[in-house]
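Heads up: the structure comes next, in structure tokens.
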Amino acid sequence: MKNSDLDCRSNTSGQGLVVVLILLAIIAGGAWWLFNNKQTMDRETRAFGREAIARLAVNHDAAFLANHLSPQARLDNPPSQQQYIMSKLQELGVPAQPIQIDENITWESHFFDPRGFFTAHLIYPAQTAMLQIGVSHPVSKWQLDNITISWSQPR
């Protein structure tokens with residue numbers, strides 16, 4: 001009778017160990033996914049920010065601006081303001097390459113909702129300008145949350 005009690009305890013502790021190992025594997029897999037997802041979103045945020053600056057400052061792509069503005073940015077930048085921004089960038093021409101871009105990525109929560117803030121220092125033959133954009137990815141696509149351009153007096 002003592003022998004069967006030992007077998008039962010041994011069998012139960014072995015099952016408990018398997019459950020603990022499975023739980024640890026699930027937790028480790030979840031943590032790996034969270035960190036991997038954060039790295040991926042960080043790369044995507046930086047790539048979109050750089051692309052947005054290139055499309056605006058170098059390619060003067062008005063359609064890109066109009067198609068990627070967030071709902072609030074559309075209100076802040078009606079079509080006339082968008083047209084003014086693009087005409088000013090076209091007037092300045094194409095800036096010297098490579099463009100120096102300051103990047104700052106923040107997270108609304110530790111792993112989700114990245115927000116990128118990019119400042120491009122644009123150098124033109126006659127003057128300099130600074131293009132600042134804020135980007136986010138709230139639902140299905142990247143969007144421009146705000147856009148500001150300032151320029152120095154011509155040299």
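A quick note: this is a predicted structure, and the numbers were derived from the prediction, not measured.
- Here the side chain of Gln127 pairs a donor or acceptor atom with the backbone of Ser152 at under 3.5 angstrom.
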Quiz: residues 18-40 side-chain donor-acceptor pairs under 3.5 angstrom, not counting sequence neighbours:
{"residue": "Lys38", "atom": "NZ", "partner": "His110", "partner atom": "O", "Å": "3.1"}
{"residue": "Thr40", "atom": "OG1", "partner": "Asn36", "partner atom": "O", "Å": "3.0"}
{"residue": "Thr40", "atom": "OG1", "partner": "Arg43", "partner atom": "NH2", "Å": "3.4"}

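- No side-chain heavy atom of Arg50 sits under 4.5 Å from any side-chain heavy atom of Ile53.
- Smallest separation of non-hydrogen atoms from Ile133 and Gly49: CD1-O, 3.7 Å.
- Clustering ILVMFWY residues whenever any of their side-chain heavy atoms sit less than 4.5 angstrom apart, transitively, puts Phe118 in a cluster other than the one holding Met130.
- Rounding to the nearest 0.5 Å gives a distance of 11.5 Å between CZ of Arg115 and CD1 of Ile105.
- Nearest heavy-atom pair, Trp107 versus Pro114, reported as atom, atom and distance to 0.1 Å: CZ3-CB, 3.5 Å.
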Tell me, with the steps shown, if Asn146 and Asp76 meet side chain to side chain contact (heavy atoms under 4.5 Å, CB included).
CA-CA 8 Å; Asn146 57 47; Asp76 296 341; 6.0 Å; no
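- For Phe48 and His137, the distance between ring centers is not under 6.0 angstrom.
- Ser150 is not listed as a side-chain neighbour of Gln132, based on a closest heavy-atom distance of 4.5 Å or more.
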For side chain to side chain contact (heavy atoms under 4.5 Å, CB included), just list the numbers for Asp102 and Phe117, CA-CA rounded to whole Å, side-chain angles, deciding distance to a tenth of an Å, and then say yes or no.
CA-CA 8 Å; Asp102 300 329; Phe117 303 95; over 6 Å; no
Which atom pairs, one a donor and one an acceptor, fall under 3.5 Å between side chains of residues 54-67 and the rest of the protein, sequence neighbours left out?
{"residue": "Arg55", "atom": "NE", "partner": "Asp61", "partner atom": "OD2", "Å": "3.0"}
{"residue": "Arg55", "atom": "NH1", "partner": "Glu51", "partner atom": "OE2", "Å": "3.0"}
{"residue": "Arg55", "atom": "NH2", "partner": "Asp61", "partner atom": "OD2", "Å": "2.8"}
{"residue": "His60", "atom": "NE2", "partner": "Ala57", "partner atom": "O", "Å": "3.1"}
{"residue": "His60", "atom": "NE2", "partner": "Leu89", "partner atom": "O", "Å": "3.1"}
{"residue": "His60", "atom": "NE2", "partner": "Gly93", "partner atom": "O", "Å": "3.1"}
{"residue": "Asp61", "atom": "OD1", "partner": "Ala63", "partner atom": "N", "Å": "3.2"}
{"residue": "Asp61", "atom": "OD1", "partner": "Phe64", "partner atom": "N", "Å": "3.1"}
{"residue": "Asn67", "atom": "ND2", "partner": "Ala63", "partner atom": "O", "Å": "3.1"}

Under the criterion side chain to side chain contact (heavy atoms under 4.5 Å, CB included), I'd like the reasoning laid out for Leu122 against Leu92: C-alpha separation, chi angles, the key distance, then a yes or no.
CA-CA 10 Å; Leu122 307 173; Leu92 291 169; 5.8 Å; no
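- To the nearest 0.5 angstrom, Lys141 atom NZ is 5.0 Å from His68 atom NE2.
- More than 12 heavy-atom neighbours from other residues, nucleotides or ligands sit within 6.0 angstrom of CD on Gln90.
- Here the closest heavy-atom approach between residue Ile99 and residue Ala96 is recorded as CG1-O, 3.8 Å.
- Separating the CG atom in Asn77 from the CD1 atom in Ile147 is a distance of 7.0 Å, to the nearest 0.5 Å.
- Taking every heavy atom of both residues into account, Tyr124 and Ala129 meet most closely at CE1-CB, 3.9 Å.
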